[in-house]
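Quick notes on the structure that follows.
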Amino acid sequence: MENLNNSNNQENIVELSLIDRIIAFFTEPKTLFLYIKENGSKVSDWIIPVLLTSFIAILINTYYYNNDYFRTIVIQKQTAKVQEQLKEQVEKKQITKQKADEILEQTIKGMDEWIEKSSNPIVIVFQFVSSFIVMIIFSLIIALYYKLAFQYVGKVMVTFDVIFYLCVVTLWFAIIDIVLAFILSIVSGNLISSLSLGNILGIENFHILFWLNKISIFTILGYIWVAKGISTICVVDSKKSLIHIFIYWIVGSVIMYLLAANIPLFKNFVQ
């Protein structure tokens with residue numbers, strides 16, 4: 001009788017449709033993990049949240065650009081970021097004050113021109129494709145980082161495709177985060193890109209903002225979800241998996257902070 005029950009459970013897992021898997025992500029993650037363990041992940045499992053994240057983000061940005069009130073705020077915030085970066089470069093004597101003023105003027109002009117063109121269908125398609133590609137590339141890098149960390153530090157054998165799937169599919173949390181932040185922006189009149197603490201408080205200083213943005217309910221939920229997935233799929237003690245995922249997250253955050261603090265290019269990807 002026990003073998004028969006186990007067989008029936010496996011059959012139920014095998015029969016999970018795409019919609020079932022999406023619902024299970026939120027309601028029955030263990031069932032989803034067992035499904036992935038038995039059948040492997042499918043491209044549709046992770047490509048859909050990536051596409052939706054890109055689409056929703058561009059849709060929200062387009063709304064901001066076409067709304068006079070939020071458009072002004074967007075320009076002000078972007079200008080403040082550029083000013084901070086230029087100020088640091090002047091203080092480090094990498095550029096002169098005169099050069100910084102010229103760059104700032106050119107940047108503001110460029111932002112105005114870009115926003116004017118942002119409603120062009122060709123530009124929107126370009127943004128969508130670029131966003132999609134960048135998200136995939138970053139997801140691959142992040143998955144490789146956790147794969148190596150678990151394998152060589154945690155001594156846990158987890159395949160690259162599993163860790164990639166677990167990391168990328170948590171974009172469902174990011175979608176909820178983005179949508180709720182947009183609603184909060186409309187209600188409050190403040191431009192809020194996510195529900196992380198730094199964005200909610202409107203912190204402008206990069207160094208403070210970087211670490212306060214780590215305090216985000218959906219980011220934390222995402223890592224807990226990944227840890228549970230590794231525990232179930234790779235048969236690892238749940239506490240060990242949870243401890244390791246947060247240690248690697250903190251170490252990875254320190255690495256990204258050091259890169260962003262010293263290389264302006266990286267700063268654009270973490271703000």
Side-chain angles (χ1 to χ4, degrees), residues 19 22-23 25-27 29 48-85 107-108 110-121 123-128 130-132 134-135 138-139 168-226 249 253 256 260 267-271:
I19 299 300
I22 294 174
I23 294 174
F25 172 88
F26 297 102
T27 61
I48 290 177
V50 174
L51 290 171
L52 278 176
T53 302
S54 299
F55 176 76
I56 292 172
I58 290 172
L59 196 64
I60 290 174
N61 283 337
T62 301
Y63 171 83
Y64 287 148
Y65 292 157
N66 287 278
N67 181 287
D68 291 338
Y69 174 78
F70 283 108
R71 175 175 174 163
T72 301
I73 295 178
V74 169
I75 293 176
Q76 288 175 345
K77 282 184 171 291
Q78 292 298 324
T79 301
K81 288 181 181 180
V82 174
Q83 285 179 319
E84 184 180 356
Q85 292 175 6
T107 301
I108 295 174
M111 282 192 291
D112 286 330
E113 293 175 351
W114 171 253
I115 290 177
E116 287 294 333
K117 297 176 181 177
S118 63
S119 297
N120 187 304
V123 174
I124 292 175
V125 171
F126 174 77
Q127 287 179 307
F128 178 78
S130 299
S131 174
F132 176 79
V134 169
M135 288 179 68
F138 267 87
S139 296
V168 179
V169 80
T170 54
L171 282 172
W172 286 114
F173 287 127
I175 290 172
I176 297 174
D177 189 8
I178 293 171
V179 172
L180 291 179
F182 174 67
I183 294 172
L184 185 59
S185 295
I186 299 299
V187 172
S188 67
N190 297 317
L191 192 63
I192 301 172
S193 57
S194 73
L195 297 184
S196 57
L197 186 58
N199 283 320
I200 291 177
L201 294 177
I203 303 298
E204 297 292 342
N205 181 276
F206 163 74
H207 305 283
I208 299 175
L209 178 65
F210 180 90
W211 292 109
L212 284 183
N213 274 352
K214 298 302 173 184
I215 306 174
S216 168
I217 182 63
F218 290 106
T219 299
I220 294 172
L221 279 175
Y223 279 106
I224 292 175
W225 196 93
V226 171
W249 176 37
S253 297
M256 281 304 300
K267 185 177 290 188
N268 296 325
F269 292 105
V270 298
Q271 284 187 304

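Position 1 is the first residue of the sequence; numbering continues from there.
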Nearest heavy atoms of [X] and [Y], plus distance in Å:
X    : Y    : answer
W225 : T170 : CE3-CG2, 3.7 Å
I200 : L195 : CD1-O, 3.3 Å
R71  : Y65  : CD-O, 3.4 Å
G189 : Y69  : O-OH, 2.6 Å
S139 : V168 : CB-CG2, 3.5 Å
N205 : I208 : OD1-N, 3.1 Å

To the nearest 0.5 angstrom, please state how far the [atom1] atom of [X] sits from the [atom2] atom of [Y].
X    : Y    : atom1 : atom2 : value
L212 : H207 : CG    : NE2   : 13.0 Å
I217 : D177 : CD1   : CG    : 10.0 Å
I60  : L191 : CD1   : CG    : 10.0 Å
T219 : I224 : OG1   : CD1   : 11.0 Å
I124 : L59  : CD1   : CG    : 8.5 Å
N61  : I115 : CG    : CD1   : 9.5 Å

Yes or no on side chain to side chain contact (heavy atoms under 4.5 Å, CB included) for M111 and V74, after CA distance, side-chain angles and deciding distance? CA-CA 10 Å; M111 282 192 291; V74 169; over 6 Å; no
Apply side chain to side chain contact (heavy atoms under 4.5 Å, CB included) to I56 and F182, showing your working. CA-CA 10 Å; I56 292 172; F182 174 67; over 6 Å; no
Validation row: [X], [Y] side chains within 4.5 angstrom (heavy atoms):
X    : Y    : answer
L180 : L184 : no
W172 : L52  : yes
E84  : K81  : no
W249 : V226 : no
V50  : L171 : yes

Using only atom types and a distance under 3.5 Å, with no angle test, would you say the side chain of [X] pairs donor to acceptor with the backbone of [Y]?
X    : Y    : value
S185 : N190 : yes
N67  : Y63  : no
S131 : Q127 : no
N199 : N213 : no

F126 atom CZ, over 12 foreign heavy atoms within 6.0 Å: no
Ring centroid separation Y223 to F173 under 6.0 Å: no
Name the orientation class of the two ring planes belonging to F128 and F55 (parallel below 30°, tilted from 30 to 60°, perpendicular beyond 60°). perpendicular
Y64 vs F70 aromatic rings, parallel, tilted or perpendicular, using cut-offs 30° and 60°? tilted
Apply salt bridge (charged side-chain N to carboxylate O under 4.0 Å, His left out) to the pair K77 and E204, showing each step before the final yes or no. CA-CA 8 Å; K77 282 184 171 291; E204 297 292 342; 3.5 Å; yes
